A.B. asks: 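Take this structure first; my questions come after.
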2 protein chains.
Amino acid sequence: MKRELLADGEAPSVAEAVLNAGFDMANCPVRDVMDHIGGKWSSLMLLTLSTKPHRFGELKRAVPDISQRMLTQTLRDLQRDGYISRHVFPTVPPSVEYRLTELGESIMPPLSALVAWAVDNHPKIVEARKVYEEGAE
Amino acid sequence: MKRELLADGEAPSVAEAVLNAGFDMANCPVRDVMDHIGGKWSSLMLLTLSTKPHRFGELKRAVPDISQRMLTQTLRDLQRDGYISRHVFPTVPPSVEYRLTELGESIMPPLSALVAWAVDNHPKIVEARKVYEEGAE
DNA sequence: TATACCTGATCTCAAATTGAGACTATAGGA
DNA sequence: TCCTATAGTCTCAATTTGAGATCAGGTATA
């Protein structure tokens with residue numbers, strides 16, 4: 001395995017590798033990638049599309065509180081970065097299908113791991129916020 | 001293991017679990033967590049703090065193009081959500097040390113995996129953008 | 001025939017978020 | 001006395017976001 005995951009207390013090898021060796025802040029891959037897939041809707045889009053290809057309207061229904069404007073823009077961004085592909089079917093009215101590319105599929109294992117962590121640890125975060133708010137009074 | 005990582009082509013079990021079972025969009029853990037650690041600077045902060053505790057000024061030097069305002073705010077947000085702790089030393093001038101909490105440590109394995117993916121696949125994304133721009137002309 | 005409606009996408013304007021840079025307090029050193 | 005360093009905060013302009021109307025074009029309904 002090229003990079004090992006960190007166990008609690010283990011030396012953070014990935015972080016050190018990234019932060020030390022050739023870490024150009026001006027053209028930082030971490031920020032460049034995280035900015036996009038960390039966007040407000042991107043992870044939810046990728047997660048939804050990982051189950052199966054979706055049409056525009058399906059995505060809108062799957063993620064109800066996204067505005068049409070942001071849906072279009074999020075899809076454009078993901079397409080631009082090569083995570084998803086866009087297929088127009090010349091039906092009437094025209095329908096458009098979005099699906100993960102190979103690159104998009106390849107990010108799902110680490111992204112899913114992070115999402116799983118998020119779901120598992122969400123209660124702790126909510127609790128931490130409550131404690132913080134109480135301390136701030 | 002509670003959740004398994006996905007191999008390419010495997011059924012996206014995490015995504016389905018999240019999207020189906022009790023997935024309340026209004027109080028979505030995925031968005032709630034990703035919004036914060038996916039923020040423009042959060043992942044870089046966590047990554048930097050995972051190597052060792054840092055003082056405010058050290059963080060500013062480690063992430064040069066963050067503004068002081070956003071550094072303060074990002075640290076507050078991470079502290080509020082329980083990822084990092086803040087220790088004030090009553091020296092003159094006072095110095096403040098930030099370090100990962102147990103919760104913060106626990107997110108590093110999945111976050112590091114994603115960062116590793118980002119570093120490994122950054123060239124493909126840059127290439128995808130180039131192709132997209134050319135096709136758009 | 002006229003009207004409503006479906007699709008995916010865009011336009012406009014107001015609201016929220018962000019960045020740049022100046023400003024605060026205190027104390028030590030030149 | 002003036003300059004430096006620390007960890008922030010404050011203000012204002014620029015960018016990003018959301019809500020809602022609008023578009024194009026063809027089909028179903030009245």
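Remember, predicted model here, so these are calculated numbers, not experimental data. Letters A, B, ... are given to chains in the order of the sequence lines, protein chains preceding strands, and every chain is numbered from 1. Hydrogens, waters and symmetry mates are skipped; everything else that's a heavy atom, side chains included, is used.
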A.B. asks: Which parts of nucleotides 11-30 of chain D does protein reach within less than 4.0 Å, heavy atoms only, written one letter per nucleotide 5' to 3' as B for base, S for sugar-phosphate only and - for none?
C.D. replies: B-----BBB-----BSS---
A.B. asks: Using a cut-off of 4.0 Å on non-hydrogen atoms, how would the nucleic acid contact of A/Tyr98 be classed: base, sugar-phosphate, or nothing?
C.D. replies: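 Sugar-phosphate: the residue A/Tyr98, judged by heavy atoms under 4.0 Å, touches backbone atoms but no base.
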A.B. asks: Distance check needed: C/dC6 P versus A/Phe56 CZ, whole Å only.
C.D. replies: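 Checked: the CZ to P distance equals 15 Å.
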A.B. asks: Measure the distance from CG on A/Asp35 to P on C/dT18 and round it to the nearest whole Å.
C.D. replies: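 Computing the A/Asp35:CG to C/dT18:P distance gives 11 Å.
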A.B. asks: With sequence neighbours left out, which residue pairs that include part of residues 87-97 of chain B fulfil the salt bridge (Lys or Arg N to Asp or Glu O under 4.0 Å) condition?
C.D. replies: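 Qualifying pairs, neighbours excluded: B/Glu97-B/Arg99.
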A.B. asks: List for me each residue that meets side chain to side chain contact (heavy atoms under 4.5 Å, CB included) alongside B/Arg129, sequence neighbours excluded, and say none if there are none.
C.D. replies: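 In terms of side chain to side chain contact (heavy atoms under 4.5 Å, CB included), with neighbours along the sequence ignored, B/Arg129 is linked to A/Asp32, A/His36, A/Arg80, A/Asp81, B/Ile125.
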A.B. asks: Take atom NE2 of B/His54 and atom P of D/dA7, then tell me their distance rounded to the nearest Å.
C.D. replies: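 B/His54 atom NE2 is separated from D/dA7 atom P by 12 Å.
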A.B. asks: Taking only residues two or more places apart in sequence or in another chain, which ones pass side-chain hydrogen bond (donor to acceptor under 3.5 Å, both in side chains) with B/Ser85?
C.D. replies: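 side-chain hydrogen bond (donor to acceptor under 3.5 Å, both in side chains) check on B/Ser85 returns B/His87.
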A.B. asks: Identify, with sequence neighbours excluded, every residue that meets side chain to side chain contact (heavy atoms under 4.5 Å, CB included) alongside B/Asp35.
C.D. replies: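 Side chain to side chain contact (heavy atoms under 4.5 Å, CB included) check on B/Asp35 returns A/Lys40, B/Arg31.
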A.B. asks: Measure from NZ on B/Lys60 to C1' on C/dG19 and round the result to the nearest Å.
C.D. replies: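 One finds 14 Å between C1' of C/dG19 and NZ of B/Lys60, rounded.
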A.B. asks: Taking the side chain as C-beta and beyond, is there a heavy-atom pair between A/Phe89 and A/Val96 under 4.5 Å?
C.D. replies: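 No, side chains not in contact.
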A.B. asks: In this structure, how many angstroms lie between the P atom of C/dG8 and the CZ atom of A/Arg76, rounded?
C.D. replies: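 Nearest whole value for this atom pair: 12 Å.
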A.B. asks: Taking the nucleotide of DNA chain D with the closest heavy atom to each, which residue, B/Arg61 or B/Thr72, is nearer the 5' end?
C.D. replies: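 Its nearest nucleotide lies further toward 5', so the answer is B/Arg61.
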A.B. asks: Would you say A/Arg55 places a side-chain N or O within less than 4.0 Å of OP1 or OP2 belonging to C/dT7?
C.D. replies: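 For C/dT7, OP1/OP2 do not have a side-chain N/O of A/Arg55 under 4.0 Å.
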A.B. asks: Can you pull the salt bridge (Lys or Arg N to Asp or Glu O under 4.0 Å) pairs that have at least one residue in residues 54-63 of chain A, sequence neighbours excluded?
C.D. replies: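 Every salt bridge (Lys or Arg N to Asp or Glu O under 4.0 Å) pair that includes a residue of residues 54-63 of chain A, provided the two are not neighbours, is A/Lys52-A/Glu58.
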